[in-house]
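Notes follow once the structure below has been shown.
Nothing here was measured: the structure is a model prediction, and the numbers come from that model.
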Amino acid sequence: TADELNEARTGWLQEQSVRRAQDAALAGMLATDLYLDRTMAFDAAMDDQVKKLSVTDVNAAVRKFLDPSRFAVVRAGDFNKQAPLQP
């Protein structure tokens, strides 16, 4: 949904901002970017692209790249203490 996308986008952008504000993380990013022949402009462009994503864009990517048949569902815990999950 639009709310979920906005929440995820805000969280991701804040995480990127915090990483750039921490010396060790920033040094690591700069070293990786140097190895990949990128500049901080690449990171700025990525942030801009994330800001422009729509729900339609995200859902299309999920449909294209995620195959539900390749996921495993695992249930664990003390099932005697809780009601069984309903399908």
Side-chain angles (χ1 to χ4, degrees):
T1 67
D3 288 341
E4 291 171 322
L5 176 58
N6 288 333
E7 205 171 298
R9 178 187 3 247
T10 299
W12 188 84
L13 290 168
Q14 285 177 348
E15 177 184 359
Q16 298 309 306
S17 180
V18 168
R19 286 183 66 217
R20 289 188 287 263
Q22 297 172 334
D23 291 343
L26 180 59
M29 286 175 58
L30 290 171
T32 300
D33 285 350
L34 183 63
Y35 176 77
L36 296 172
D37 196 27
R38 296 177 179 163
T39 66
M40 293 297 287
F42 176 87
D43 295 314
M46 179 70 77
D47 287 356
D48 289 340
Q49 289 177 347
V50 168
K51 289 175 187 175
K52 294 176 186 174
L53 284 174
S54 70
V55 173
T56 303
D57 296 332
V58 173
N59 286 334
V62 167
R63 281 188 212 91
K64 181 176 180 179
F65 294 106
L66 296 182
D67 180 1
S69 69
R70 298 186 62 130
F71 286 88
V73 177
V74 178
R75 293 179 56 209
D78 187 353
F79 298 111
N80 293 327
K81 293 186 178 180
Q82 64 186 33
L85 292 175
Q86 299 300 318

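Judged by distance alone, with hydrogens and angles left aside, the side-chain atoms of D57 form a donor-acceptor pair with the main-chain N or O of S54 at under 3.5 Å. Using modelled atom types, one side-chain atom of R9 and one backbone atom of L53 make a donor-acceptor pair closer than 3.5 Å. Under a 3.5 Å cut-off, the side chain of S17 and the backbone N or O of L13 do not form any donor-acceptor pair.
Salt bridge annotation for D47-R20: present, with a cationic side-chain nitrogen under 4.0 angstrom from a carboxylate oxygen.
More than 12 heavy atoms of other residues, nucleotides or ligands sit less than 6.0 Å from atom CG of D48. With a 6.0 Å radius and a threshold of 12 heavy atoms from other residues, nucleotides or ligands, M40 has its CE atom above the threshold.
Here the CG-NZ distance, from N59 to K64, works out to 14.5 Å after rounding to the nearest 0.5 Å.
In the hydrophobic clustering of this structure, V50 does not group with V55; members are Ile, Leu, Val, Met, Phe, Trp, Tyr whose side-chain heavy atoms approach within less than 4.5 Å, directly or through other members. The hydrophobic cluster containing F71 also contains V62, counting ILVMFWY residues as joined when their side-chain heavy atoms lie under 4.5 angstrom apart, directly or transitively.
Contact between L5 and V58 at its shortest, heavy atoms only, is CD1-CG2, 3.8 Å.
Between the side chains of S69 and D67, at least one donor N or O lies within less than 3.5 Å of an accepting N or O.
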**OP:** Quick one: do T32 and M29 satisfy side-chain contact (heavy atoms from CB on, under 4.5 Å)? Show the steps, please.
**Re:** CA-CA 5 Å; T32 300; M29 286 175 58; 5.8 Å; no
